[in-house]
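Only one structure is covered here, and it is reproduced in the block below.
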Amino acid sequence: MDIHEYQAKELLAEFGVPIPKGGLAYSPEQAAYRAREIGGERWVVKAQVHSGGRGKAGGIKLCADSHAVWHAADELLGKRLVTAQSGARGRLVHRLYVEEAKALAREVYLGFVLDRVSERIMVVASAAGGMEIEEIARERPETIVRAVVEPAVGMQAFQAREIAFKLGFDGSLLADAVKTILGCYRAFRDLDATMVEINPLAVTAEGRLLALDAKMAFDDNALFRRPQISELRDKSQEDPRETRAADRGLAYVGLEGQIGCIINGAGLAMATLDMIKLAGGEPANFLDIGGGATPERVTKAFNLVLSDERVETILVNIFAGINRCDWVAEGVVQAYHNAKVDVPLIVRLAGTNVEEGRGILAHSGLPIITAESLAEAAELAVGAWKRNPGQRRQPREIH
Ligand code: GDP
Ligand code: MN
């Protein structure tokens with residue numbers, strides 16, 4: 001789960017990370033009021049969306065007076081901000097964060113990630129701050145500093161000092177940088193984060209260290225024990241298809257194509273997406289309905305897939321190991337009626353009781369196209385879609 005910049009800053013501040021004075025605003029009036037309340041001479045008005053690269057997309061506005069703050073807020077609120085990370089539909093801006101703007105002397109990058117290879121928390125830092133880490137990796141790879149934290153002992157002060165040193169901090173800034181690095185690490189560990197990123201961590205013209213931007217992501221599987229983090233969830237920033245799926249306990253990832261997929265098993269689902277692409281089509285989603293493909297679950301899956309207006313054909317691919325194909329086939333027939341399927345439906349069944357399963361589909365009287373192999377299923381699905389492409393259905397309410 002991702003959270004907003006202002007939320008990450010509030011959390012990190014509790015761990016001793018220095019942040020600028022700021023305030024949240026939902027209207028231009030409130031933004032101008034915040035600027036006066038914060039004081040100072042210049043302000044930044046920052047769109048709160050779950051995406052980086054806001055600066056380049058026009059989501060960060062530097063303002064010299066409260067009038068400019070009002071106008072910046074007026075321009076940003078209600079807009080969908082399209083960034084390099086957001087996808088073409090962008091993210092809706094309905095909260096702003098107003099901060100005092102400082103003149104900057106330096107900007108560095110400080111990130112914490114869960115490294116799957118070493119199975120450790122890893123610090124990734126660079127003296128070349130301000131740019132995105134992908135950009136730094138491309139253009140200034142020699143500036144990247146990495147350090148792995150040993151879980152048995154946690155991050156050690158000497159490690160933090162070494163990183164701070166490599167980032168070019170010395171004198172009184174060194175102590176502040178060490179405190180910031182250790183604070184981020186503790187926040188990461190104590191809050192079950194999967195990512196903490198401060199970019200830029202800046203040195204102001206007056207010589208103060210400040211986290212100007214902050215991003216945090218959390219482990220969804222640990223949210224049950226972090227109620228204060230769960231409450232920070234902003235569903236308006238998520239793909240509505242994925243929110244609906246999560247609410248129904250289905251493993252779903254929204255994609256941009258037209259062929260909706262209902263599959264059991266993540267590996268089989270990925271193989272199916274590959275086969276659809278190989279056959280010249282584009283999948284609309286990844287969906288693993290899991291082992292127990294009961295009629296209720298299959299109906300839920302159909303409803304979810306059909307609620308996406310991109311979907312113009314559905315491919316069901318079930319391998320029944322623990323399950324039975326006749327049971328799955330009955331589920332598909334029931335779901336066909338319950339979910340009022342109105343697009344071509346291709347079903348491939350394999351495994352236990354496959355003949356009985358195919359028999360049920362064949363005798364259902366429904367226009368279901370059946371396939372024997374995965375490759376055939378993908379070709380039939382792409383073929384069915386190509387015969388009638390671009391036929392956008394009405395988005396449906398989901399039950
Ligand atoms: P991002 O584009 O989504 O990563 O948003 P950031 O919060 O990082 O803002 C983009 C850029 O705006 C930063 O890299 C800074 O260079 C600049 N910026 C943000 N806050 C301030 C500030 O208080 N003073 C100055 N001078 N620049 C700022
Ligand atoms: Mn940033």
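Side-chain atoms are counted along with the backbone in the values below, which use heavy atoms only and exclude waters and symmetry mates. Indexing begins at 1, ligand by ligand and atom by atom, following the structure's order.
Scanning both residues, Glu100 and Gly40, for their nearest heavy atoms gives OE2-CA, 3.7 Å. The two atoms that bring Met216 and Ala8 nearest to each other are CG-CB, 3.8 Å, heavy atoms only. Pairing each heavy atom of Ala271 with each of Leu374, the nearest pair is CB-CD2, 4.3 Å.
An N or O contact shorter than 3.5 Å is missing between Glu99 and ligand 1 by distance. Geometrically, ligand 1 and Ala103 share no nitrogen or oxygen pair separated by less than 3.5 Å.
The atoms of ligand 1 that sit less than 4.0 Å from any heavy atom of Lys102 are 22 (C), 23 (O), 24 (N), 25 (C), 26 (N). Interface of Leu104 with ligand 1, defined as ligand atoms under 4.0 Å from a residue heavy atom, comprises 25 (C), 26 (N), 27 (N). Interface of Asp213 with ligand 1, defined as ligand atoms under 4.0 Å from a residue heavy atom, comprises 1 (P), 4 (O), 5 (O), 6 (P), 7 (O), 8 (O). Distances below 4.0 Å separate heavy atoms of Lys46 from the following atoms of ligand 1: 7 (O). In the vicinity of Pro200, heavy-atom distances shorter than 4.0 Å reach the ligand 1 atoms 8 (O), 13 (C), 14 (O). Contact atoms of ligand 1 toward Gly52: 3 (O) (distance under 4.0 Å to a heavy atom of the residue). Ligand 1 places these atoms under 4.0 Å from at least one heavy atom of Asn199: 8 (O).
Ring geometry for His71 against His67 counts as perpendicular: the plane angle is over 60°, on a 0 to 90° scale with 30° as the lower cut.
Here the angle centred on the Mn ion (ligand 2), running from OD2 of Asp213 over to O of Asn199, is 90°, rounded to 10°.
Of the heavy atoms in Leu62, none comes closer than 4.0 Å to ligand 1. Counting heavy atoms under 4.0 Å from ligand 1, residue Arg54 touches it through both backbone and side chain.
Looking at heavy atoms from C-beta onward, Phe112 lies out of side-chain contact with Glu197 at the 4.5 angstrom threshold.
Relative to atom 16 (O) of ligand 1, the option among Glu107, Gln85, Lys56 with the closest non-hydrogen atom is Glu107.
Cation-pi geometry between Arg189 and Phe15 is not satisfied (NZ or CZ under 6.0 Å from the ring centre, within 45° of the ring normal).
A single hydrophobic cluster is seen to contain both Val316 and Leu366, as judged by linkage of ILVMFWY side chains at heavy-atom distances under 4.5 Å, directly or through other members.
Note that atom 11 (C) of ligand 1 has no protein non-hydrogen atoms nearby, at separations under 4.0 angstrom.
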